[in-house]
Amino acid sequence: VNDNDFIVGTNNTLALTIDNSQDATFAGSIAVSHSSTGAAASTISNTHADGLGLYIAAASGTNRALNVRDYDSSNDLFYVSNKRKFRKAR
């Protein structure tokens with residue numbers, strides 16, 4: 001955190017930092033929910049010619065970097081693990 005950063009917190013605890021490059025760093029989890037029919041809850045896009053659209057880094061102690069589940073989280077649709085590059089759930 002430096003003098004040019006925009007910081008947000010509650011109860012004397014840092015929650016969000018936005019730096020002078022407009023990069024945001026969250027101190028905790030991010031939850032997105034949406035209940036409108038036919039609309040995406042979230043969209044990630046890269047408007048530049050180069051670079052990643054989405055980058056995910058898993059914790060060292062987990063065996064899944066990405067897990068996609070159905071609407072009520074009862075079934076895995078697919079996941080990416082540290083042992084296999086891609087696995088479609090059965």
Q.
I'd like to know if the side chain of N2 and the backbone of N4 have a donor-acceptor N/O pair within less than 3.5 Å.
A.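 Checked: pair present.
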(Q) Any side-chain to backbone donor/acceptor pair from D5 onto I7? Under 3.5 Å, distance only. (A) no
Q: Could you tell me whether the side chains of S74 and D72 share a donor-acceptor contact shorter than 3.5 Å?
A: yes
Q | Nearest atoms (heavy-atom pairs only) where L16 meets L14 | A | O-CD1, 3.7 Å
Q: List the atom of R69, the atom of D76, and the distance in Å for their closest heavy-atom pair.
A: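 Closest heavy-atom pair between R69 and D76: NE-OD1, 2.7 Å.
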Q.
How long is the straight-line distance from CZ of F6 back to CG of D19, given to the nearest 0.5 Å?
A.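 Answer rounded to 0.5 Å: 12.5 Å.
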(Q) Let me confirm one number: the CD1-CZ distance from I18 to F26, rounded to the nearest 0.5 Å. (A) 7.0 Å
Q: For D3, enumerate each residue passing the side-chain contact (heavy atoms from CB on, under 4.5 Å) test, keeping only those at least two apart in sequence or located in another chain.
A: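 For D3 there are no side-chain contact (heavy atoms from CB on, under 4.5 Å) partners, ignoring immediate neighbours.
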